[in-house]
Number of protein chains: 2
Amino acid sequence: MTTTDGRPRPVTLRDVAQLAGVSVATASKALNGKAEVHPDTRRRVQEIADRLSFTPNSLARAITAGQTGTVGLLTHDLEGRFSLPILMGAEDAFGAGSTSVFLCDARGDAIREQHHLRALLGRRVDGLIVVGSTTDPRPSLGTDVPVPAVYAYAPSVDPRDASVVPDNVTAGRLAAEHLLALGRRRIAHVSGDATYAAAQDRATGVAQALADAGVEPVGPVRYGSWSEAWGRAGVTAVLDADPAVDAVVCGSDQIARGVLDALRERGVRVPADVAVIGFDNWQPMIAGSRPALTSVDMNFETMGRRAATRLSALVAGQQDAGVETIEPRVVVRASTAGD
Amino acid sequence: MTTTDGRPRPVTLRDVAQLAGVSVATASKALNGKAEVHPDTRRRVQEIADRLSFTPNSLARAITAGQTGTVGLLTHDLEGRFSLPILMGAEDAFGAGSTSVFLCDARGDAIREQHHLRALLGRRVDGLIVVGSTTDPRPSLGTDVPVPAVYAYAPSVDPRDASVVPDNVTAGRLAAEHLLALGRRRIAHVSGDATYAAAQDRATGVAQALADAGVEPVGPVRYGSWSEAWGRAGVTAVLDADPAVDAVVCGSDQIARGVLDALRERGVRVPADVAVIGFDNWQPMIAGSRPALTSVDMNFETMGRRAATRLSALVAGQQDAGVETIEPRVVVRASTAGD
DNA sequence: CTGTTAGCGCATTCAT
DNA sequence: ATGAATGCGCTAACAG
């Protein structure tokens, strides 16, 4: 069964039918478990199909069915650390069924997004997952797109769209509440770039938790950049302004890593003197931290799974709109444990 | 143009043809730039197509063409840091044309790999890129797979397959040569897990370069794990055994990071006293290093691009086999600069 | 230049 | 229980 160039030509249903001595229609029914086929015939057909390792051409099937069993995942942050777990979660949720994922990286470029969108629609994807690079709301693809879409990480500005986003306010609350539960009362906050919604939301959550507990924060939130260098600088500024600090909430694990390093170099003991907590629970950063870093995990993989599940529902014709938030969780390690 | 459920039904070529008052065939020729179509007709058809935002159904096209313009990317290490840049490179190289990528993560599980393989073949991908999780050779998919495949990162054991792998021997050479060029002669080597081909290959390269220069290595290669903790422990052992060291080759950026931290804490100046070089040029690790870390970049993105390019050639019917290695490059930063 | 015909691989009536 | 016929959206070969 080879073509001129030596590559085997895909086995078609007709090949199977011919060898089994039945019509294509019968073969189809036999393989798809339709009733009204003689058991013997069915067995025979299935055997032949196996022997030829017949793989039904899902394109031909899709052309009539109107469903391709494929979805497009349009990301803007493939190298970043957010979209990857989301992608894995989605791939996981779909993989259980029989949906395949087209991956496209638009790299924050609207033109490229349009290009990929056309390609995906041409391939007749059943739906789309759009992953943003920040938690700031992004423009909707609009209602003229002929397939349903779910927005992950960055919500759509249009509330009629379905979005799945991390709950940064709760994340901030959880971080602060964890520190409060340890008895800490002199809590400072070193965060990242103030222009990010994520930074603002986490700060809001921290402030809420402190207010609920009747605890004054130590100084204002110190915004900077999402880097270790800023973590070192930021915590130095905090301690220089007011040395009586017993805990630091850090805007990200990278910042926390910097904070840990600076504290150690100042001779401040963690967690005995100062407890430290980060956000994202990002393994590469966590792994090398001394001591091991407590961090708030945003559950990105769950986010990907939820996005996939909601998209499946939309594809199946169900109505579903609005922003869904994913609950974060605190992963406790040495930097706050053993108070 | 909506179905009962409110979703717009995809516009077909027939819709366009009807509105334009021509036959489907003519519309097809007009839109595909075939000759023998009256300019006026072509314009009219194109206008209508635009107005209806007609997107040709590439499935229907593929069914006759025998080519789908899709490839499968089967990875075993989606969360790792190797497959991501490879994937980006491939996506980049394909994206320029009009090939879309199906992404599947088998997570090192052969069963899952088979499952995904069936799904991909059912979708009639034109080819496959198989990405391994280590540089150790992996089993071939075999010749019964009806489409060409290119193996990336982990080569296929079968030399008749096309593979693209990092050149770890050269990487080791480059690292050592860089240090030698700086005048360093007392060079130690702290590496990762000795069971990895990557660790062995890099060690081979380092040894070759030293031998070529007539320089004795300081002590044996110290193997451990690919972690910062081992970097700290390993360099401590090195210095305790022989303090007269002026450079350390580190098996990975993570190890290098640990080495840098331990050196700083011992009061050893980098690079004045000891120069340090890592492998992979992995941004998250590099970003926080003090001083900034010189590292050998394995050019994974290039690897992805090459894999994509070779696969395209195979799909086009060209013959191409054998293992291709990707040249690494040294990215010089403060940990070795300003000698 | 344009339209008619045929066929890709499969699922689905509708006859037999 | 089985098979012949039809159609999905599109392209290619041929006829007008």
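The analysis underlying the following values was restricted to heavy atoms, covering all of them including side chains, and did not include hydrogens, waters or symmetry mates.
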- Using a strict cut-off of less than 4.0 Å between a Lys/Arg side-chain nitrogen and an Asp/Glu carboxylate oxygen, indicate whether Glu36(B) and Arg42(B) qualify as a salt bridge. no
- Query: So, are Glu301(B) and Arg306(B) salt-bridged, with charged N and O less than 4.0 Å apart?
  - Reply: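 Salt bridge between Glu301(B) and Arg306(B), a charged N being under 4.0 Å from a carboxylate O: no.
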For [X] and [N], give me the distance from atom [atom1] to atom [atom2], rounded to whole Å.
X	N	atom1	atom2	result
Arg44(B)	dC1(C)	CZ	C1'	12 Å
His38(B)	dG16(D)	NE2	P	24 Å
Leu59(A)	dG7(C)	CG	C1'	16 Å
Asp15(B)	dC8(D)	CG	P	11 Å

- Message: Protein within reach of the bases, or only the backbone? For nucleotides 8-16 of chain C, mark each nucleotide 5' to 3' as B, S or -, using heavy atoms under 4.0 Å.
- Response: BBSBB----
- Sequence neighbours excluded - salt bridge (charged side-chain N to carboxylate O under 4.0 Å, His left out) pairs with any residue from residues 149-165 of chain B: Asp158(B)-Arg160(B)
- Item | Arg138(A) and Glu113(A): CA distance, side-chain angles, deciding distance, salt bridge (charged side-chain N to carboxylate O under 4.0 Å, His left out) verdict | CA-CA 13 Å; Arg138(A) 56 148 286 148; Glu113(A) 177 171 294; 3.0 Å; yes
- Message: Regarding Arg123(B) and Ser100(A), do their side chains bring together a donor and an acceptor under 3.5 Å, going by distance alone?
- Response: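 On atom types as modelled, these side chains qualify, holding a pair under 3.5 Å.
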- Query: Going by distance alone, is a donor N or O of one side chain under 3.5 Å from an acceptor N or O of the other, for Thr75(A) and Asp105(A)?
  - Reply: no
- Query: Can you name the nearest heavy-atom pair linking Pro139(A) to Tyr151(A), along with the distance?
  - Reply: O-CE2, 4.2 Å
- Message: Angle between the two end axes of the helix from dC1(C)-dG16(D) to dT16(C)-dA1(D), five base pairs per end, rounded to 10 degrees?
- Response: 50°
- Query: Between the side chain of Asn32(A) and the main-chain N/O of Lys29(A), is any donor-acceptor distance below 3.5 Å?
  - Reply: no
